[in-house]
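Below is one structure; the comments refer to it alone.
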Amino acid sequence: MITITVNGREQQIDVDPQTPLLWVLRDNLELTGTKYACGIAQCGACTVHLDGEPIRSCVTPVESVDGHSVTTIEGLSGDASHPVQAAWVEEDVPQCGFCQSGQIMAAAALLEENPTPSDGDIDRAMSGIVCRCGTYSRIRRAIKRAASAGEA
Amino acid sequence: MRITRRHFLTASIAATGGILIGCDLNGTPTVQGATNGIEFVPNAWVRIDPDGRITAIVGSSEMGQGVMTAIPMLLAEELEAEWSSIRAEFAPADKAYTNPVIGQQLTGGSAAVRGFWQPVREAGAAARMMLITAAAERWGVDESTCNAEKGEVVHPDSGRRAGYGELAEAAARLPVPESVFLKEPDEFRILGTSRARLDTPQKVDGSAIFAQDFYKPGMLTASVVRCPVFGGKVGKLDASAASAIPGVKEVVNLGDRVAVLAEGFWPAWQGRDALEIVWDEGDNSGLSSKSISRRFREALDEGESLRSEGDPEAAFERAEQVIEATYEVPYLAHACMEPMSCAAEVREDGCDVWVGTQAQTRTRETASRIAGGLLSRVPGLRQDSVRVHTLFLGGGFGRRSEQDFVADAVELSKRVGRPVKVIWTREDDIRHDYYRPATYNRLRVALDGGGLPAAWSHHSAGPSHGAASNMGGARNLPYSISNLEITYASVDVGVPVGYWRSVGSSQNTYITECFFDEAAAAAGRDAYELRRELLTEHPRHLRVLETAAEKAGWGKSLPNGRAQGIAVVESFGSFVAQVAEVSVKDNKPQVHRVVCVIDCGQTVNPNTIEAQMESGILYGLTAALKGEITLENGRVQQSNFHDYEMLRIDEMPEVEVHIIDSDEAPGGVGEPGTPPIAPAVVNALFALTGKPIRRLPIRL
């Protein structure tokens with residue numbers, strides 16, 4: 001039995017310990033906001049926070065996070081009020097929307113660590129998260145908006 | 001206001017006590033049905049509830065292009081609704097939602113607004129007129145003395161007003177007006193103004209449901225293995241190791257593919273890895289990119305003529321100078337962020353399909369065909385008992401108009417008698433796409449004594465989804481050249497091909513616009529000025545071209561090591577010109593800035609148009625810089641994002657979008673941003689290095 005805290009709730013998980021965290025979240029805990037898109041840590045659609053740090057849940061065996069705390073898009077604020085989510089709405093970022101949970105989780109982790117990121121900082125933190133729709137310009141703007149909201 | 005004879009409209013009372021206005025473009029009412037527990041008249045376009053909430057029911061698929069906001073804007077405009085009271089939901093599959101431009105319920109060809117511009121506004125206008133009549137009857141006044149504004153009917157003489165919600169049921173009992181009054185463009189207060197997307201809230205909190213996310217009790221998750229060689233079949237299958245994996249429930253041999261069904265995706269995935277399959281690879285195991293290119297080259301002179309003007313042969317004979325070049329483009333995968341996925345439940349009394357599809361009509365046909373044998377046992381239940389529930393699409397780009405993943409889910413549910421969700425792996429997605437056709441092209445241009453093109457010849461060969469559609473962007477060459485020959489030779493080599501964002505224009509615009517720059521260079525002419533000279537008969541091309549040049553500062557000095565390239569194209573009823581500013585670093589192209597000008601006629605939502613131009617540019621630029629599917633031993637060599645690379649945020653140029661103010665009929669916006677970017681970038685590199693780039697992706 002593996003114990004993880006997901007979005008503040010302790011969960012007992014009884015699965016093959018090698019199961020990637022992604023599939024535990026999606027199939028066992030019915031938290032489907034975190035997406036599968038590559039399975040090999042190449043696109044970042046599965047990004048969640050592990051003890052506050054962004055990780056790729058598609059290549060993270062659930063046993064490796066036993067005893068740790070995981071936050072998904074559903075738990076980032078609970079009511080879409082996180083400054084990054086608010087900025088995403090203001091800038092009307094999403095198109096198809098499939099990659100956006102990963103984008104938002106990566107951006108939230110970036111701002112947690114670096115409240116005033118430069119363009120280069122944004123590139124470094126966000127280049128792991130692929131968007132096929134071309135929302136990159138708006139992502140950049142939304143991160144800057146969230147950063148300045150945090151400063152105010 | 002102007003009067004229009006309307007399409008066939010229906011009105012009825014909603015389950016909530018409000019009004020439903022339907023719009024059946026085929027002119028025949030359809031039966032009532034129920035989906036997912038929500039009562040629903042299938043052909044409704046708008047529902048007004050007694051509490052005043054207005055729901056636009058959108059028959060087009062939302063794949064990021066913003067249709068779930070555009071269609072409601074069309075409705076709200078004529079309905080005189082408050083924008084803030086509008087919600088949107090997906091329609092079921094029903095012939096009422098047939099796109100008049102396409103002839104099916106299909107979202108593609110940048111046709112949603114073009115197709116529904118008139119009928120959806122008519123539905124909104126009819127609802128408005130009926131609400132006015134209901135209010136006038138209630139108040140005992142002539143309806144001509146009442147107006148509709150901001151979700152209310154008002155009677156200015158008496159100061160009385162009534163909200164749409166309280167009038168909805170009475171309005172639903174009235175006959176639908178024979179003809180409706182539509183607003184003139186100068187009366188629009190919603191259309192042409194930027195509105196936030198209605199689907200954004202669901203897409204920032206993780207609650208938007210894609211097919212990958214759909215679940216219902218009892219459902220199994222399936223992973224399906226296909227033969228690595230196109231057209232191959234299962235030879236021998238040993239499923240014992242797979243079946244032994246905890247969580248694996250069934251292994252199904254479908255003849256040309258094998259599915260592992262399990263409690264969740266992870267065991268299904270492990271199960272597929274444990275399958276031992278010997279494939280009968282069939283006839284295509286010798287295919288390679290090299291052999292395919294050779295077959296195209298050999299077929300080049302046997303093409304079907306798509307356009308022939310003047311006497312090209314004579315013009316080439318007497319030309320001062322003839323320039324000739326061969327251009328090649330590779331197969332491309334669509335690589336939607338959401339790998340193909342679909343859920344289905346086949347029962348004796350019907351079949352439900354939950355899917356992000358671009359093609360509801362085809363999905364219904366697919367499900368009906370596969371489930372049909374079972375359904376036919378119940379008399380009277382045939383296609384009508386197949387319900388398609390459209391979910392959000394994690395990217396479409398043409399890929400989700402195909403049926404392979406739908407067939408997987410329906411077939412498997414039928415076999416195992418349970419709801420089944422199929423999730424393709426990324427590797428499945430890259431290796432089993434309906435690819436953008438690879439083509440081989442020979443182009444010639446004859447220059448006269450004055451350096452003007454006197455003849456243009458373009459022979460292309462490749463696999464076909466219809467020669468005319470393959471040659472979009474080539475057969476509609478806009479330049480005034482008196483002698484033209486354009487041909488396409490269709491060569492089926494066994495690689496599945498399909499529609500890829502902007503279809504033929506995605507590659508042909510690169511080929512024709514770059515060869516044009518080669519011709520301009522040979523004539524010693526500025527590529528932009530030569531275009532202007534040859535576009536005098538095409539004012540909309542000319543206007544976007546000149547605007548793009550002006551906004552980008554064409555011809556002005558640039559930072560050292562940078563150059564600009566320009567391209568212009570008409571596709572899907574819209575005109576787009578782009579100027580790209582590039583440099584080269586470590587032998588790799590860097591795209592710094594793109595100025596994009598679009599004339600898409602009357603606009604619906606400028607916010608979306610801007611987003612779609614950025615989107616089309618990213619999609620086309622990714623292909624130009626990185627995209628290439630190659631084959632060896634009949635197998636696609638790429639498999640995932642490490643070897644089929646995507647453009648990332650640090651490679652996204654600064655994009656500046658300008659929209660031409662126009663009163664022309666609406667044009668498409670989902671696709672037209674894609675075609676000009678590859679030639680704009682390649683032309684800039686040609687200007688910088690003097691070396692033409694005649695195959696994609698760009699390798700310096």
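Computed from a predicted model, the values in this text were never measured in an experiment. Labels below follow one simple rule: chain letters A, B, ... track the order of the sequence lines, proteins then strands, and each chain is numbered from 1.
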- Can you say whether A:I104 sits under 4.5 Å from chain B via the side chain, the backbone, both, or neither, judging by heavy atoms?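 Side chain of A:I104 only, per the 4.5 Å heavy-atom cut-off to chain B.
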Please classify the contact between [X] and chain A as side chain, backbone, both or neither, with a heavy-atom cut-off of under 4.5 Å.
X      : result
B:T425 : both
B:I430 : neither
B:I209 : side chain
B:I649 : both
B:A196 : both
B:S207 : neither

With rounding to the nearest 0.5 angstrom, report the [atom1] to [atom2] distance, [X] to [Y].
X      : Y      : atom1 : atom2 : value
B:R648 : A:Y136 : CZ    : OH    : 6.5 Å
B:E614 : A:C131 : CD    : SG    : 10.5 Å
A:S127 : B:M646 : OG    : CE    : 15.0 Å
A:R140 : B:M652 : CZ    : CE    : 9.5 Å
A:C96  : B:M337 : SG    : CE    : 8.0 Å

Closest heavy-atom contact between [X] and [Y]?
X      : Y      : answer
B:D205 : A:I73  : C-CG1, 3.8 Å
B:P653 : A:S137 : O-OG, 4.5 Å
A:S101 : B:G206 : OG-CA, 4.1 Å

If we only count heavy atoms from C-beta on, is the [X] to [Y] side-chain gap below 4.5 Å?
X      : Y      : result
A:F98  : B:K203 : no
B:V204 : A:Q100 : no
B:R197 : A:Q95  : yes

- Query: Does the side chain of B:T200 come under 3.5 Å of the side chain of A:D92 through a donor N or O and an acceptor N or O?
  - Reply: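 Yes.
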- With respect to chain B, which residue among A:V93, A:V130, A:I139 yields the maximal number of heavy-atom pairs within a distance under 4.5 Å?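 Counting heavy-atom pairs under 4.5 Å, the top option is A:V130.
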- So which of A:I40, A:T135, A:V89 has the largest heavy-atom pair count under 4.5 angstrom toward chain B?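 Most heavy-atom pairs under 4.5 Å with chain B: A:I40.
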Who wins among [options] for the most heavy-atom pairs under 4.5 Å with chain A?
options                        : answer
B:F641, B:W266, B:F210         : B:W266
B:H642, B:M63, B:Q202          : B:H642
B:E338, B:Q270, B:R501, B:H334 : B:E338
B:G394, B:G616, B:C336         : B:G394
B:D199, B:L647, B:V655, B:N607 : B:N607
B:M613, B:E651, B:E62, B:E610  : B:E610

- Item | Whether B:N640 side chain and A:C38 backbone form a donor-acceptor pair below 3.5 Å |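 It does hold such a pair.
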- Message: Surrounding CD of B:E654 (heavy atoms of other residues, nucleotides or ligands, distance under 6.0 Å), is the total greater than 12?
- Response: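 Open: at most 12 neighbouring heavy atoms sit under 6.0 Å from CD of B:E654.
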- Can you check whether anything in residues 1-31 of chain A gets within less than 4.5 Å of chain B, heavy-atom wise, and list it by number?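 Residues of residues 1-31 of chain A touching chain B at under 4.5 Å: A:D16, A:Q18, A:T19, A:P20, A:W23, A:R26, A:D27.
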- Thinking salt bridges, do B:D650 and A:R124 make one under a 4.0 Å N-O criterion?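 Judged by the 4.0 Å cut-off on N to carboxylate O distance, B:D650 and A:R124 do not form a salt bridge.
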- Message: Quick check: B:W269 with A:Y36 (ring centres under 6.0 Å apart)?
- Response: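 For A:Y36 and B:W269, the ring centres are under 6.0 Å apart.
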